[in-house]
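Notes follow the structure.
Ligands are counted one by one from 1 in listed order, and the atoms in each one are counted from 1 as well.
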Amino acid sequence: LIWRQNCRIRAQSSNGTAGDGFVLEDVPHLTDFLPGLLSYPNPLQNSKAYAIVRQTFVTPEDAVAENIVVQKDSPRGVHFRRAGPREKVYFKSEEVRACIVTCGGLCPGINTVIRELVYGLNYMYGVDDILGIEGGYRGFYSKNTVSLTPKLVNDIHKRGGTFLRTSRGGHDTNKIVDNIEDRGINQVYIIGGDGTQKGADLIFKEVEKRGLQVAVAGIPKTIDNDIAVIDKSFGFDTAVEEAQRAINAAHVEVESVENGVGIVKLMGRYSGFIAMYATLASRDVDCCLIPESPFYLEGRGGLFEFVEERLKENGHIVIVLAEGAGQDYVAQELHPIDEKDASGNRLLLDVGLWLSQKIKDHFTNVRKMAINMKYIDPTYMIRAIPSNAADNVYCTLLAQSAVHGAMAGYTGFTVGPVNSRHAYIPIARVTETQNTVKLTDRMWARLLASTNQPSFLNSNEVIPEKADQETMEVVNDMRITSI
Ligand code: ATP
Ligand code: MG
């Protein structure tokens, strides 16, 4: 095997057999650019509670396969370094000065990750110098910090949001690294989404350029579950579970009236995982619309026809849609907004309000049918809750893996499960692409089989007539709006 640091290589097999095709996409280690430094015995070895860990230290050569379903004689494919405690560590516990920062939007579980980073550093490795950088990346140079102790963060996992607060924009790599240097920080834990991880990669590269003894570890956060490579992101399970309450509310509402049409808008800017899983979990959803699957309204096989069918059959219908669904379609009618947020992300048009109005107009004006429209946008309700049991366990593993990795001297890595095994993944690998729902995958087929909704695949798209520009109240909570 050829093991290489910090780059992707197509490796030859250990025994030289052509076709083995083992590839390790490795993460950098501090000794790559600071050679000759000593390794210390892992303090876990002396801990009574962790005596058993002695047998389960991860050997540095262990790797996790990206693909577990392979064909006979096919190349062994891409692997990542397995996460976990190493027998030798790079940092001496009393010399560690760690910091934690949270950036981007809210997601259930951030507080659990913060808590477990602090506990992991302190209980497992005896580190007691841990700084919380407040208010996202700009907190590094606006000098807002808090000293984190297990006692201080003991209860924070029971609350939603982020104990350290967050922000968008304000990433100035040089200023951040200057600050890391000035404060004598040597472990940086960065919790955030795709934008945050891109920022973390720049911080790592600048740290490397300056030859600093600083480990940079990313913990991926995205409620949309759109981070590439890893199995799923924390907060996703909680979001799917909480979305059930909104779907249930919509169902109860539309079941109780004549021709009830319920629309629930869920998160998912570019990928429809939350909408897809919430639909599969719920059984009350008649139709799920996601960004990856373009839909159309009019004509044969269109959404209007389907809504009418279900109203005639059942007297009501529930539609779940992801916020990024049908954006191109909506933009044909509404003025495309070219606005961006502070981090440079494009602001989306409100497809939920648009669709509610279109359905209402169609049935009232064209089909002359009275319908009862109920539109629910539970986005902020979902983002703000604490994580559920499964996510709490998952966040604990993520945080502990990150601590083990940084203590071992790995840097420039993101941590996450790949085929259920936690691994260290080069940061750039998780930011170069986004995970999206593959319409040709089995899961989408399962959803279509479960809802029996149109696939919107075989008809020509009908461009709708110019919509009226009636403004509608934006409802960003669980209140139900009758339109
Ligand atoms: P989410 O989209 O899930 O809310 P995110 O991490 O993608 O999370 P952003 O607001 O895009 O959220 O970014 C968070 C932080 O990362 C901001 O401070 C932003 O300045 C910084 N950032 C975003 N994109 C980049 C980039 N390409 N390079 C450097 N920093 C970036
Ligand atoms: Mg993002």
Please verify the inter-ring angle class for [X] with [Y]; under 30° counts as parallel, over 60° as perpendicular, anything in between as tilted.
| X | Y | value |
| --- | --- | --- |
| Tyr119 | Tyr123 | perpendicular |
| Tyr394 | His422 | perpendicular |
| Tyr90 | His29 | perpendicular |

_I'd like the name of whichever of Ser167, Gly169, Gly136 reaches closest to atom 18 (O) of ligand 1 through any heavy atom._
Gly169

*Given Lys198, Met267, Arg168, which has its nearest heavy atom closest to atom 12 (O) of ligand 1?*
Arg168

Protein contact to [atom] [nearest heavy atom, distance to 0.1 Å]:
| atom | answer |
| --- | --- |
| atom 3 (O) of ligand 1 | Lys221 NZ, 2.9 Å |
| atom 31 (C) of ligand 1 | Gly195 O, 3.3 Å |
| atom 6 (O) of ligand 1 | Thr196 OG1, 2.4 Å |
| atom 10 (O) of ligand 1 | Ser343 OG, 2.5 Å |
| atom 4 (O) of ligand 1 | Gly105 N, 2.7 Å |

Residue [X] vicinity, atoms of ligand 1 by number, heavy atom under 4.0 Å:
| X | result |
| --- | --- |
| Leu202 | 28 (N), 29 (C) |
| Gly193 | 5 (P), 6 (O), 7 (O), 8 (O) |
| Gly199 | 29 (C), 30 (N) |
| Asp194 | 2 (O), 5 (P), 6 (O), 7 (O) |

*Any side-chain donor paired with an acceptor under 3.5 Å for Asp377 and Thr379?*
yes

*Please state which part of Asp341 comes within less than 4.0 Å of ligand 1, counting heavy atoms only: side chain, backbone, both or neither.*
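Neither part.
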
_Proximity of Asn345 to ligand 1 by residue part, where a heavy atom lies under 4.0 Å_ =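 The part of Asn345 near ligand 1 is the side chain, not the backbone.
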
Measuring from atom [atom1] of [X] to atom [atom2] of [Y], what distance do you get when rounded to the nearest 0.5 angstrom?
| X | Y | atom1 | atom2 | value |
| --- | --- | --- | --- | --- |
| Ile219 | Leu398 | CD1 | CG | 7.5 Å |
| Thr162 | Ile156 | OG1 | CD1 | 7.5 Å |
| Ile359 | Leu303 | CD1 | CG | 5.0 Å |
| Leu148 | Ile100 | CG | CD1 | 5.5 Å |

*Under a 4.0 Å N-O cut-off, is there an ion pair linking Arg269 with Asp226?*
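Judged by the 4.0 Å cut-off on N to carboxylate O distance, Arg269 and Asp226 do not form a salt bridge.
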
*Taking the six-membered ring for Trp, are the ring centroids of His404 and Tyr125 within less than 6.0 Å of each other?*
yes

*Does the gap between the ring centers of Tyr329 and Phe295 come in under 6.0 Å?*
yes

*Just distances here: any N/O of Gly192 and N/O of ligand 1 closer than 3.5 Å?*
no

*Is any N or O atom of Thr222, backbone or side chain, closer than 3.5 Å to an N or O atom of ligand 1?*
no

*Only protein N/O/S atoms count here: give how many lie under 2.8 Å from the Mg ion (ligand 2).*
1

*Do Lys209 and Val177 have side chains that get closer than 4.5 Å, going by heavy atoms?*
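A side-chain contact is absent here, since even the closest heavy-atom pair is not under 4.5 Å.
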
*Please name the residue in the list Asp237, Asn392, Thr238 that meets the side chain to side chain donor-acceptor pair (under 3.5 Å) test with Ser387.*
Asn392

